[in-house]
Amino acid sequence: MNEHLKNDSANIGNLLNIIKEQGTDYLNSIEERSTSVINNNIPEKQELPESGFGTEEALRIFNEKFEPIMVGSGGPRYWGFVTGGATPASIAGDWLTTVYDQNPQSVTEQGDASAKIEMETIQLLLKLFQLPESFLGGFVSGATMSNFTCLAVGRQWLGKEQGRDIAKEGVSGTVKVLTGTPHSSSIKSLSLLGLGSGNIVKIKTEEGNREAIHIKDLEENILKLNGEPFILISSGGTVNTVDFDDFKAISRLKEKYNFWWHIDAAFGGFAACSETHQHLVEGWEYADSITVDCHKWLNVPYESAVFLIKEKYKILQVETFQNSNAPYLGDPLENFSYLNFLPENSRRLKALPAWFSLVAYGKKGYQEIVDKNIGWAKQLGQLIENSGDFKLLAPVRLNTVCFTLKDDAKQDEVEQFLEKLNDTGKVFMTPTFYNQHKGIRAAFVNWMTSEKDIRQVFDLMNEIITEIK
């Protein structure tokens, strides 16, 4: 046995304590951690050592080379993209995920039965979202893979409606996909599935600074298909303005027409946790499939998302993802294995961090996180609305603030402003383009964000805009 490996094995307790102390120091100081790296030049490349250095020396090299470029992306003022933090309970679950190192697949056979934890976690999430138990769910790496999984089953459904088995025969002909304001991950999924992003039929959006599907235009486009089955991708919170399609209206259309209804609710689905905003997802229980991203508003570490697909499509799901060496007879749920229900053959126990966090903080805990984040977004939106230098590009509907410089003549300065703001290392936001304007997005999904962060960042925004005037 390699001498370093032998010594590390004998010294594992001490090594884990060293890592624990470093991790604790990072988490205790994450509020002060820079949200950006100005100089990210990495020292010279590490050569592969002949016999290795052992873990302690590897840690020393890591701390010297890479630790300084680790930003506080899990902290309270990282408002770029839609990046959640990690609750203490989810970190505990994530560490144990690594320690136990399971590959969750079967729930009934001998050997690894950790998929039971995943099944239970899905039930907890359905309760959190007030969704019926008629959904069968599982964990994947992120919203992209969740959209991919859901749309893959939708593809198989559509093929069967046309009298063919796409999973076996491959894609032939065109598949119509109707959508209003899809996320880029859905477009990527269509490409990966061979459906082609060019086959999208773009539906008009509602008037009045909206990104939601115009229901009348949707029905008119459905009628043009003359009964041809299609896939509908709808939004449970668009990325720029967190606009929601009218799920109740779509559910009524589903009673009249034949289509696969997929909802991308990567972070907007958490509106279900808020008593004041749960109306935004009313009717989503009638969808055929739903995407929800856990490493956003559930505040668990990357990589974590779930797909939710109606259990009545279990045969289609197995036909799509069935492992070649695992033929099934009869009901695939009687001898259930995730091996036949999702893309990966090998997975971490991604459900465990979510299970820990849901059990640790419960329904009320997540209601508080969601409501507070909505409150911070509205507070920043109000400050911007009352400002002489900034303006909102869209109403604050949930947890994202989309804004720009107030003077339209200064559109060329938006990027300069954002670069200077992010360079402070005190906050991080992302650029966007909306309604013919260069804009800036601030997304609130972190359990640590507080009112002092809103005030600190807005003061900083005013300082920087004054500098570039």
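If you take CE on Met70 and CG on Asn63, they are separated by 9.5 Å, rounding to the nearest 0.5 Å. Atom CG of Asp288 sits about 8.5 Å away from atom CH2 of Trp261, to the nearest 0.5 Å. Rounded to the nearest 0.5 Å, atoms OG (Ser235) and CG (Asp264) are 6.5 Å apart. For the atom pair Thr320 OG1 and Gln317 CD, the distance stands at 7.5 Å (nearest 0.5 Å). Here the CD1-NZ distance, from Ile468 to Lys420, works out to 7.5 Å after rounding to the nearest 0.5 Å.
Checked against the 6.0 Å centroid threshold, Phe321 and Tyr338 do not count as a close aromatic pair. Between Tyr313 and Trp260, the ring centre distance stays below 6.0 Å.
Put simply, the side chain of Asn199 gets close to the backbone of Leu195: a donor and an acceptor are under 3.5 Å apart. For Asn2 (side chain) and His4 (main-chain N/O), a donor-acceptor pair under 3.5 Å exists by modelled atom type. Put simply, the side chain of Ser146 never gets that close to the backbone of Gly142: no donor and acceptor are under 3.5 Å apart.
For the 3.5 Å distance criterion, the side chains of His262 and Asn147 qualify, holding a donor opposite an acceptor. A donor-acceptor pair shorter than 3.5 Å cannot be found between the side chains of Asn240 and Thr238. A donor atom on one side chain and an acceptor atom on the other are found under 3.5 Å apart for Thr430 and Arg441. No side-chain donor from either of Asn446 and Asn373 sits under 3.5 Å from a side-chain acceptor of the other. Between the side chains of Thr404 and Tyr434, no donor N or O sits under 3.5 Å from an acceptor N or O. A donor and an acceptor atom, one from each side chain of Asp165 and Gln156, are located under 3.5 Å apart. Side-chain contact of Trp376 with Glu451: a donor-acceptor pair under 3.5 Å is absent, judged by distance alone.
Taking 4.5 Å as the limit, every side-chain heavy atom of Thr449 sits out of range of all side-chain heavy atoms of Lys372. Between Pro431 and Glu415, the closest side-chain pair of non-hydrogen atoms is not below 4.5 Å.
Ionic pairing of Asp371 and Lys364 is not present here: no N-O contact between side-chain nitrogen and carboxylate oxygen is shorter than 4.0 angstrom.
The 12-atom threshold is exceeded at CD of Glu311, counting heavy atoms of other residues, nucleotides or ligands nearer than 6.0 Å.
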Show me the donor-acceptor pairs within less than 3.5 Å that the side chains of residues 125-138 make with the rest of the protein, sequence neighbours left out.
| unit_1 | atom_1 | unit_2 | atom_2 | d |
| --- | --- | --- | --- | --- |
| Lys127 | NZ | Glu133 | OE2 | 3.3 |
| Gln130 | NE2 | Ala272 | O | 3.3 |

Could you walk me through whether Trp79 and Phe428 pass the ring-ring contact (aromatic ring centres under 6.0 Å, His included) check? CA-CA 5 Å; Trp79 301 344; Phe428 186 83; over 10 Å; no

